[in-house]
Peer 1: 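Starting off with a structure, shown below.
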Amino acid sequence: MFLEKNRDRIEKDFEDFSRELPGKAEEIEKRMETLNADIVIGMKYLYSNMPYSDVGNYTFDTYLDYVQQGIWLWENSPYVKKYPELYFLNYVLFHRTNDEEIKPCRTYFWEKIKDRIQGMSMMEAVLEINHWCAGEVMYQGTDMRTGSALEIYRSGVGRCGEEAVFVVNVLRSAGIPARPVYVPRWSHCDDNHAWVEALCGGRWRFLGACEPEPILDRG
């Protein structure tokens with residue numbers, strides 16, 4: 001069964017969400033009537049944990065892509081069963097990484113990279129995915145709001161924070177827990193930076209987003 005250890009907590013959190021936003025919860029529950037139980041619990045998790053701005057700004061179908069891919073990974077990924085459910089929920093299933101625009105992308109990215117990482121260990125897959133990402137997106141500074149991972153991929157350019165959003169989403173599409181890391185200011189210059197951490201071997205390892213290296217913890 002999908003998420004045996006956290007189902008009760010998710011149901012309770014969604015009850016709290018429903019009390020806070022009864023009209024929206026009614027709309028969501030109506031859409032969930034035709035979905036299977038695993039999809040429903042995944043959608044309840046997202047709605048219970050996302051910012052209220054995401055509840056209002058994006059459609060139910062936007063989040064369905066994230067949940068469907070997440071459940072497929074739960075059932076089929078060679079990596080997912082190796083770590084706790086909360087890592088899966090927070091760093092694989094969850095749709096948001098920063099303040100980026102949200103567009104369905106996980107199933108799309110999975111189709112792009114699945115053949116490249118078949119049979120690889122998690123660490124090998126992280127390195128291979130970052131190599132692929134480096135071939136698709138190059139650095140370009142901008143002052144615009146952070147684009148969606150899909151927009152970054154299609155434009156082929158992005159600043160470091162956008163490259164991190166892109167890489168994190170591609171890693172998550174493969175069932176690899178990932179998160180962006182930010183430093184607001186370097187000690188030696190008036191600038192900031194972002195990179196990525198991925199869970200490998202039970203600990204977080206770092207890499208420069210779209211900066212391919214032969215090993216981790218070197219970006």
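A quick note: this is a predicted structure, and the numbers were derived from the prediction, not measured.
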Peer 1: Say whether, by atom type as modelled, one donor and one acceptor occur between the side chain of Arg116 and the main chain of Glu128 under 3.5 angstrom.
Peer 2: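 Judged by distance alone, no pair lies under 3.5 Å.
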
Peer 1: Ignoring hydrogens, what is the shortest heavy-atom contact between Ser173 and Phe109? Give both atom names and the distance.
Peer 2: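 In this case the closest contact between Ser173 and Phe109 is OG-CB, 3.7 Å.
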
Peer 1: Taking atom NZ of Lys103 as the centre, report whether more than 12 heavy atoms of other residues, nucleotides or ligands fall under 6.0 Å from it.
Peer 2: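 12 or below, so no.
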
Peer 1: Does Glu101 offer a backbone N or O that forms a donor-acceptor pair with the side chain of Ser148 under 3.5 Å?
Peer 2: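 Not at all, since once roles are kept as given, no pair shorter than 3.5 Å links the two residues.
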
Peer 1: Less than 4.0 angstrom from a charged side-chain N to a carboxylate O is my criterion; do Glu100 and Arg96 meet it?
Peer 2: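 Salt bridge: yes.
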
Peer 1: Should Val196 and Phe166 be marked as a side chain to side chain contact (heavy atoms under 4.5 Å, CB included) after you check the CA-CA gap, both sets of side-chain angles, and the distance that decides it?
Peer 2: CA-CA 10 Å; Val196 171; Phe166 174 52; over 6 Å; no

Peer 1: Membership question, hydrophobic clusters at under 4.5 Å side-chain separation (ILVMFWY): are Met138 and Ile152 in the same one?
Peer 2: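 Different clusters.
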
Peer 1: With a 4.5 Å heavy-atom cut-off, do Met123 and Arg205 have their side chains touching?
Peer 2: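 Counting from C-beta outward, Met123 and Arg205 do come under 4.5 Å.
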
Peer 1: Do Trp195 and Phe206 have their ring centres less than 6.0 Å from each other?
Peer 2: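 Centroid separation for Trp195 and Phe206: 6.0 Å or greater.
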
Peer 1: Is there a side-chain contact between Phe14 and Ile28 in this structure, where contact means two heavy atoms from C-beta onward sitting under 4.5 Å apart?
Peer 2: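 SC-SC contact between Phe14 and Ile28 confirmed.
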
Peer 1: Rounded to the nearest 0.5 Å, what separation is found between the CD atom of Gln69 and the SG atom of Cys105?
Peer 2: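 SG of Cys105 is found 9.5 Å from CD of Gln69.
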
Peer 1: So, for Asp65 and Pro104, which heavy atoms are closest and what is the spacing to 0.1 Å?
Peer 2: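 Shortest heavy-atom contact: CB-CB, 3.7 Å.
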
Peer 1: For the backbone of Ile39 and the side chain of Asn36, can you confirm whether one donor and one acceptor N or O come within less than 3.5 Å of each other?
Peer 2: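 Yes, Asn36 side chain to Ile39 backbone: donor-acceptor pair under 3.5 Å.
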
Peer 1: Between Glu85 (side chain) and Lys5 (backbone), is there a donor-acceptor pair under 3.5 Å?
Peer 2: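 The answer is yes, because a donor-acceptor pair under 3.5 Å joins these two groups.
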
Peer 1: Could you state the interatomic distance from CH2 (Trp110) to CG (Asp115), rounded to the nearest 0.5 Å?
Peer 2: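 Here the interatomic distance stands at 8.5 Å.
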
Peer 1: If you take all heavy atoms of Asp54 and Tyr63, which pair is closest and at what distance?
Peer 2: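 Here Asp54 and Tyr63 meet closest at O-OH, 2.8 Å.
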
Peer 1: If you apply the rule side chain to side chain contact (heavy atoms under 4.5 Å, CB included), what do you find for Phe60 with Met32, and how did you get there?
Peer 2: CA-CA 9 Å; Phe60 184 91; Met32 293 191 298; 3.7 Å; yes

Peer 1: Can you list the steps and then say if Trp132 with Ile117 is a side chain to side chain contact (heavy atoms under 4.5 Å, CB included)?
Peer 2: CA-CA 10 Å; Trp132 178 80; Ile117 64 170; over 6 Å; no

Peer 1: So, Tyr45 side chain and Leu89 main chain: donor-acceptor pair closer than 3.5 Å or not?
Peer 2: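 Yes; at least one donor-acceptor contact below 3.5 Å.
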
Peer 1: How long is the straight-line distance from CD of Glu163 back to CG of Asn130, given to the nearest 0.5 Å?
Peer 2: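 Spacing of CG (Asn130) from CD (Glu163) equals 9.5 Å.
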
Peer 1: Of all heavy-atom pairs between Ala174 and Ser77, which one has the smallest distance, and what is that distance?
Peer 2: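 In terms of heavy atoms, the two residues are closest at O-OG, 3.9 Å.
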
Peer 1: Test your reading of the model: is there a side-chain donor-acceptor pair from Arg7 to the backbone of Phe2, 3.5 Å cut-off?
Peer 2: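 Yes, the answer is positive, given that a donor and an acceptor are paired below the 3.5 Å cut-off.
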
Peer 1: With side chain to side chain contact (heavy atoms under 4.5 Å, CB included) as the criterion, how do Asp13 and Phe17 come out once you've worked through the C-alpha distance, each side chain's angles and the decisive distance to 0.1 Å?
Peer 2: CA-CA 6 Å; Asp13 288 346; Phe17 170 87; over 6 Å; no

Peer 1: Any donor and acceptor pair, going by atom type alone, linking the side chain of Arg106 with main-chain N or O of Val92 inside 3.5 Å?
Peer 2: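 It does hold such a pair.
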
Peer 1: Would you mind checking if Lys114 and Glu111 are paired as a salt bridge, meaning a charged N to carboxylate O distance below 4.0 Å?
Peer 2: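 Result for this pair is yes, salt bridge flagged.
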
Peer 1: Can you give me the closest heavy-atom contact between Glu213 and His131, atom names plus distance?
Peer 2: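 Reported closest heavy-atom pair: O-NE2, 3.7 Å.
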
Peer 1: Distance check, rounded to the nearest 0.5 Å: Leu93 atom CG versus Leu3 atom CG?
Peer 2: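 It comes to 7.5 Å.
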
Peer 1: Taking the six-membered ring for Trp, are Tyr91 and Tyr83 ring centroids under 6.0 Å apart?
Peer 2: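 No, too far apart.
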
Peer 1: Does any part of the side chain of Asp61, heavy atoms only, come nearer than 4.5 Å to the side chain of Arg31, both counted from C-beta?
Peer 2: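 SC-SC contact between Arg31 and Asp61 confirmed.
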
Peer 1: Salt bridge or not between Glu27 and Lys30? Use side-chain N to carboxylate O under 4.0 Å.
Peer 2: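 So Glu27 does not pair with Lys30 through a salt bridge.
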
Peer 1: In the single-linkage hydrophobic clustering (I, L, V, M, F, W, Y; side-chain heavy atoms under 4.5 Å), do Trp74 and Leu86 co-cluster?
Peer 2: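 As far as the 4.5 Å side-chain criterion goes, Leu86 and Trp74 are connected within one cluster.
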
Peer 1: Looking only at the side chains, is there a donor atom on one of Asn98 and Tyr182 sitting less than 3.5 Å from an acceptor on the other?
Peer 2: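 A donor-acceptor contact under 3.5 Å links the two side chains.
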
Peer 1: Looking at Phe88 and Gly70, what are the two nearest heavy atoms and their distance?
Peer 2: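 In terms of heavy atoms, the two residues are closest at CZ-O, 3.2 Å.
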
Peer 1: What's the spacing between Asp99 CG and Thr97 OG1 if we round to 0.5 Å?
Peer 2: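 Going from the CG atom of Asp99 to the OG1 atom of Thr97 covers 8.5 Å.
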
Peer 1: For residues Leu46 and His95, determine if any side-chain heavy atom of one lies less than 4.5 Å from a side-chain heavy atom of the other.
Peer 2: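 When only atoms from C-beta onward are counted, His95 and Leu46 do touch, with a gap below 4.5 Å.
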
Peer 1: More than 12 foreign heavy atoms under 6.0 Å from CG of Asp8: is that the case here?
Peer 2: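 At most 12 heavy atoms, drawn from other residues, nucleotides or ligands, come within 6.0 Å of this atom.
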
Peer 1: Please step through salt bridge (Lys or Arg N to Asp or Glu O under 4.0 Å) for the pair Arg159 and Glu162, ending with a clear verdict.
Peer 2: CA-CA 5 Å; Arg159 62 183 184 277; Glu162 290 178 314; 3.7 Å; yes

Peer 1: Atom CD1 of Ile129 and atom NZ of Lys112: how far apart are they, to the nearest 0.5 Å?
Peer 2: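 It is 14.5 Å, given to the nearest 0.5 Å.
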
Peer 1: Is there a continuous path of hydrophobic side-chain contacts, each under 4.5 Å between heavy atoms, that joins Val165 to Val157?
Peer 2: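 No, separate clusters.
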
